[in-house]
K.L.:
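Could you have a look at this structure, given as structure tokens, before my questions?
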Amino acid sequence: MPEIRVTPLGAGQDVGRSCILVSIAGKNVMLDCGMHMGFNDDRRFPDFSYITQNGRLTDFLDCVIISHFHLDHCGALPYFSEMVGYDGPIYMTHPTQAICPILLEDYRKIAVDKKGEANFFTSQMIKDCMKKVVAVHLHQTVQVDDELEIKAYYAGHVLGAAMFQIKVGSESVVYTGDYNMTPDRHLGAAWVDKCRPSLLISESTYATTIRDSKRCRERDFLKKVHETVERGGKVLIPVFALGRAQELCILLETFWERMNLKVPIYFSTGLTEKANHYYKLFITWTNQKIRKTFVQRNMFEFKHIKAFDRAFADNPGPMVVFATPGMLHAGQSLQIFRKWAGNEKNMVIMPGYCVQGTVGHKILSGQRKLEMEGRQVLEVKMQVEYMSFSAHADAKGIMQLVGQAEPDSVLLVHGEAKKMEFLRQKIEQEFRVSCYMPANGETVTLPTSPSIPVGISLGLLKREMAQGLLPEAKKLRLLHGTLIMKDSSFRLVSSEQALKELGLAEHQLRFTCRVHLQDTRKEQEMALRVYSHLKSTLQGHCVQHLPDGSVTVESILIQAAAHSEDPGTKVLLVSWTYQDEELGSFLTALLKKGLPQTPS
Amino acid sequence: MVPGKTTLPMMPLGRGARRKNSQLPRRSRRQPAETGRRFLDLRSGEVDIKHPKVRHETVLPVRAPNLTMQYPQVQINHHYARLWTGHDFYPQFPSFATCSKELKECSGHVFVDSVPEFCLPETELIDLSTVDVILISNYHCMMALPYITEHTGFTGTVYATEPTVQIGRLLMEELVNFIERVPKAQSASLWKNKDIQRLLPSPLKDAVEVSTWRRCYTMQEVNSALSKIQLVGYSQKIELFGAVQVTPLSSGYALGSSNWIIQSHYEKVSYVSGSSLLTTHPQPMDQTSLKNSDVLVLTGLTQIPTANPDGMVGEFCSNLALTVRNGGNVLVPCYPSGVIYDLLECLYQYIDSAGLSSIPFYFISPVANSSLEFSQIFAEWLCHNKQSKVYLPEPPFPHAELIQTNKLKHYPSIHGDFSNDFRQPCVVFTGHPSLRFGDVVHFMELWGKSSLNTVIFTEPDFSYLEALAPYQPLAMKCIYCPIDTRLNFIQVSKLLKEVQPLHVVCPEQYTQPPPAQSHRMDLMIDCQPPPMSYRRAEVLALPFKRRYEKIEIMPELADSLVPMEIKPGISLATVSAVLHTKDNKHVLQPPPRPAQPTSGKKRKRVSDDVPDCQVLKPLLSGSIPVEQFVQTLEKHGFSDIKVEDTAKGHIVLLQEAETLIQIEEDSTHIICDNDEMLRVRLRDLVLKFLQKF
């Protein structure tokens, strides 16, 4: 029995280190290869030894697909390909291919240079890893091999984020990566056609949340920022360099412009300029409005937002600072946070999801005394605000996508178990499909029953369809043909054609039955009576009286003859072929009952 | 001429500066051009060389062969879908005679003075409202789209890539803008009268279908037309009505330019139009996907098969440098997108070494800025080198740097900023390459009388002699460097060898050498079997027969099949199944369980009678060995069996049952009394020896 097997190595009932193994029709595909922000030990990467204990990954995996450039989706890629060893193709979109190595390098620097980790991947490994990448266009059908094909759909989550369809024959899996079903200030909404996959693997970060309207959230955000700077406070917004940052920058930029504000806005250095440049060059991946107006005004050229210098953090007076990384787990955002945390006039706005174990997660869950390195305790007096700007689909969006794709079954990853459970039930109820939520290392096996494609000869098909079109042919008709299986080609042809192709002659089987009737009339008259009897009885059949005196009903031949011995008996010879057996045997039975009396 | 700042007081500036006919004859010669007048091109002596210039690819309605039997399912009630691939139109230059108001004479040539008109693709041949799909090959091939989508009842879908649409929009926008700048009350129509046209001098009288020529569309129509386009990406498989799949492939000629695969499960037609194997800015041509085509429709080859684009670019640069060094100006009539990107890139590398760094380059077009900006955002559609630049991230085209360093400046028109910035000597890129409208007209006026200046023609669409005709006599130098990167005949034969289609279909012109160079047997398509050719407005049946269609066998049905090996490696299974067809997808499902009495045995009444659900009996094959057959009969209780030999076989007599069985190689005939039980018994025994099909 064919089946689809799915095993999450990461992101199974968890957010972080997304990595999902899919086996479909004998092909093995790895979806994403992420790291976990909440761990600094072995657990930060997926356990690749699960894939194969001995033997090369390249032999086992047909391809690797990366959905977008966030590190929890691609952070383990150089480790996987260069340190564990994988030489097969890695597919991702162009923007992901462009931005991914930069974030990896950034990540490497923090890990090696700042934390002093050994045995980490090197810059060269990142480069070598990226050489294995094959870039894909949206909606392009990429033939990985003769049977396996993949296709990317727009996911909206960040620049270049994509959902992928993996297809072998009539079986398919759609993996959403992270996606957003509502367009935001710089990206469009995710979209997938009604591709009816055998399985839809969806993220479920916001499985239970239904977010209020975007506009309200934006107004709220602006109001909070504005109030804080009005009273002389400093606002820290931890972000990742690419993604939410650009959306919030556009938001603040337009607000500053409109309100004519003079308070400085900074963006922590490093990636900023570069990041915005990527947005300019990949403007076709942004939303409709930005694409339309980019010639007149490029939304990613900011007037009010300046590059941040470390020294600015100690400047007196209000300011707004965007700093990386977004979960306050390291780097500049954490440094600034430590400086500003003690002042209740200040505010930190967390615009996205924070993984467990990060400072961001701690303060969001209400912790106000944080233990820092060196046993220092940091008291957080500044206001902590959370605004869901991360571009994940909420419960409504997930349901919407399931409705769009019409899968046979759904599998949830990239979420918290409890929330997933709720969504799982909801999906099963609403769409009446099974929904799974395996934990890491747990395998879900889905039996599939793919239909078998064969070539039907056009003659046979046309004949059948023409008959199927007749108005009286409401009842089921059976198509009869012969399936010729030669090598791997399967062809369905009419029986006649099959015989001909194989050089075989047809063997005709014919029956002739003698029906004896007591009748003294002449043979010709008999025939005529048979004709009129059958003509009136078998309406809808072609009954003919031929010049030679015989009668035909369709292809069945009836002749009247004299009995050799008894002149008072006439013999009706009814003759038909095996193919007309039903009608032939029916006619003999009918004639045996005798002919009705001739009307006088 | 000393480089220096100057304004353009003497330039005719659009409508305000339009001159009257009553002016000096010398002036009036040029005057038609300024006012956007159209002239008929001189199709006389050069008609043959010109012939390939008309983009004949433009009018190729392809009848999708696969759709002939889809009628019951397709919502749209068409018996077939026609695909109209590639659209182009081609400005026609009308001209001449006795209807004196319309006709003007200049240097011995006669021209028509009129609003520019455009020759459309053939629209009479088919009812466009029955066309389901239009496939666009590249942005040059969509210029007639508004005429079709807006005024013909066309309701289908148009497919094109994103760069094609965006740049196509720019080309249309420029055209509309140019035409609207010089409004004219009416088109010349008197000369189109057949009786008059017949009497006109040769170029005019040979103009075809003049009555169908149309005035330019409006921007509103352009926007409406473009809104009907569905964007597609390379290698995207697009299902049409469940019966046909179309796929655009990179054709290597322009940003977003495509060849198209039109295929069903068993047939494949490739439409190759405007392709290039040269490495310029676009993504390289995808050749491998063209393999295994039953038919390859080949069109849009280079219009100048004898000119090598690389050489032409070299000549372009050296002529440009020479002119500028001598203090002259260079005018390059061009489209606002396409080859200009490559020219700017060459100049970028060439400027410093040629000592031209102080020379200003001007690019004047209402869409100059948009074109330059758009070129930088389609990295995914560019060649590998340019693509990887974006990863740095740097703009893919170096003209960004030319703009940044102020070496290249762009303006929407000669009005406004340009007249303040204008310095000579300089190089100006501007349109329209036909020299009949657009800002180029003003520069021809300004620079035409000095032999220091040079006009360099790079666009291959128009004959430069015809373009220049109304400006004659000219003192300025004219250089003809047509840069056409599309396939030449050598590349075509290489391509065909590589791709090996079963049949090639192409315009007639490609099947013989150009009449002006009839000895050049190398200037024609050479392939085996010889290509099938077509002419304008000719309907061609594609040379293949459809034999198979895909059908899916449901797994339950597949499980129930019993394959038999008939010959080594060949197995057969008889299939009786229910056919379901929806949206042109065919599925075979297992027959329903015989719950109802459908067989004849239980029939009681005549009216419930025989074949409502015809259970088709299989065909039989094989032969019956008499001896074994007789043994089997005996085993089953028949006695008194007699066998007689006949000429062709045997007769088995069952005397007791008064039954006779004739057995021959390919037939068996059972003749018996009307005893159904007996007949069925005998039948089953016979069938044991035969195979069913």
Side-chain angles (χ1 to χ4, degrees), chain A residues 94 98 137-141 274 277-278 281 283-284 295 449-458 461-462 464-465 468-469 475-476 478-486 491-492 495-496 498-499 502 504-515 537 578-579 581-583 585-586 588 592, chain B residues 69 72 233-237 369-370 373 377 379-380 390-391 393 546-555 558 563 566 569-579 591-592 600 606 610-613 615-622 666-674 676 679 686 690 693:
Chain A
H94 283 272
H137 293 265
L138 277 185
H139 302 156
Q140 172 191 9
T141 299
K274 236 178 170 182
H277 216 111
Y278 281 116
L281 293 171
I283 213 126
T284 51
V295 176
S449 51
S451 52
I452 296 164
V454 305
I456 183 168
S457 90
L458 217 53
L461 183 64
K462 276 187 177 170
E464 287 305 314
M465 292 195 19
L469 285 179
K475 285 188 190 156
L476 286 182
L478 284 187
L479 173 146
H480 185 84
T482 304
L483 189 63
I484 305 179
M485 291 162 273
K486 189 179 166 189
R491 290 176 303 126
L492 183 61
S495 307
E496 293 89 337
L499 282 175
L502 294 165
L504 299 175
E506 188 192 341
H507 189 105
Q508 209 185 57
L509 175 56
R510 179 166 274 281
F511 304 97
T512 300
C513 276
R514 294 182 290 260
V515 180
T537 320
Y578 172 64
Q579 282 70 29
E581 194 176 24
E582 302 279 321
L583 188 59
S585 112
F586 169 77
T588 49
K592 202 175 171 183
Chain B
M69 54 177 300
Y234 288 152
S235 304
Q236 179 177 349
K237 294 177 178 172
N369 185 29
S370 300
E373 289 284 340
I377 66 158
E380 290 163 71
V390 178
Y391 293 175
R546 301 190 58 234
R547 307 180 111 133
Y548 289 96
E549 180 84 74
K550 192 181 130 180
I551 195 167
E552 303 224 325
I553 297 187
M554 295 298 283
I566 295 285
I570 303 178
S571 300
L572 293 186
T574 53
V575 179
S576 285
V578 180
L579 173 69
V606 176
V610 219
D612 47 327
C613 169
V615 181
L616 270 170
K617 292 274 186 184
L619 295 184
L620 304 171
S621 179
D666 287 334
S667 67
T668 300
H669 194 168
I670 300 173
I671 301 159
C672 61
D673 272 342
N674 186 12
E676 186 69 7
R679 189 186 66 80
V686 168
L690 297 172
F693 283 85

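What you are looking at is a predicted structure, and each value in this text was computed from that prediction instead of being measured. Order of the sequence lines fixes the chain letters, A, B, ..., with proteins taken first and strands second; residue numbering starts at 1 for each chain.
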K.L.:
If we define contacts as heavy-atom pairs under 4.5 Å, which of B/Leu619, B/Ile570, B/Leu690, B/Val390 has the most with chain A?
P.N.:
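Looking at each option in turn, the highest pair count goes to B/Leu619.
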K.L.:
Just verifying a value: how many Å separate B/Ser667 OG and A/Leu509 CG, rounded to the nearest 0.5 Å?
P.N.:
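The CG atom of A/Leu509 is 9.5 Å from OG of B/Ser667, to the nearest 0.5 Å.
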K.L.:
Answer yes or no: is there a donor N or O on one side and an acceptor on the other, between the side chain of A/His507 and the main chain of B/Leu620, under 3.5 Å?
P.N.:
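Not a single qualifying donor-acceptor pair exists.
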K.L.:
Which heavy atom in A/Ala98 sits nearest to a heavy atom in B/Tyr391, and how many Å separate them?
P.N.:
CB-CD2, 3.3 Å
K.L.:
Hey, which of A/Thr482, A/Ile456, A/Thr141, A/Ile452 has the most heavy atom pairs under 4.5 Å with chain B?
P.N.:
A/Ile456
K.L.:
Between B/Ile671 and A/Arg514, is there a side-chain heavy-atom distance shorter than 4.5 Å?
P.N.:
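Counting from C-beta outward, A/Arg514 and B/Ile671 do come under 4.5 Å.
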K.L.:
What I want to check is whether the side chains of B/Thr574 and A/His480 have a donor and an acceptor closer together than 3.5 Å.
P.N.:
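Distance-only check fails for B/Thr574 and A/His480.
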K.L.:
Could you tell me which residues satisfy salt bridge (Lys or Arg N to Asp or Glu O under 4.0 Å) with A/Arg510, sequence neighbours excluded, listed by chain and number?
P.N.:
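In terms of salt bridge (Lys or Arg N to Asp or Glu O under 4.0 Å), with neighbours along the sequence ignored, A/Arg510 is linked to no residue.
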K.L.:
B/Val686 versus A/Tyr578: any side-chain heavy-atom pair under 4.5 Å?
P.N.:
no
K.L.:
State which residues pass salt bridge (Lys or Arg N to Asp or Glu O under 4.0 Å) with A/Lys592; sequence neighbours excluded, sorted by chain then number.
P.N.:
none
K.L.:
Classify the ring geometry between B/Tyr234 and A/His137 as parallel (under 30°), tilted (30 to 60°) or perpendicular (over 60°).
P.N.:
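Perpendicular: the ring planes of B/Tyr234 and A/His137 meet at over 60°.
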K.L.:
Mind checking the CG-CG spacing from B/Leu572 to A/Leu499? Nearest 0.5 Å is all I need.
P.N.:
9.0 Å
K.L.:
Below 4.5 Å, heavy-atom pairs only: which of B/Glu380, B/Glu552, B/Lys237 has the largest tally toward chain A?
P.N.:
B/Glu380
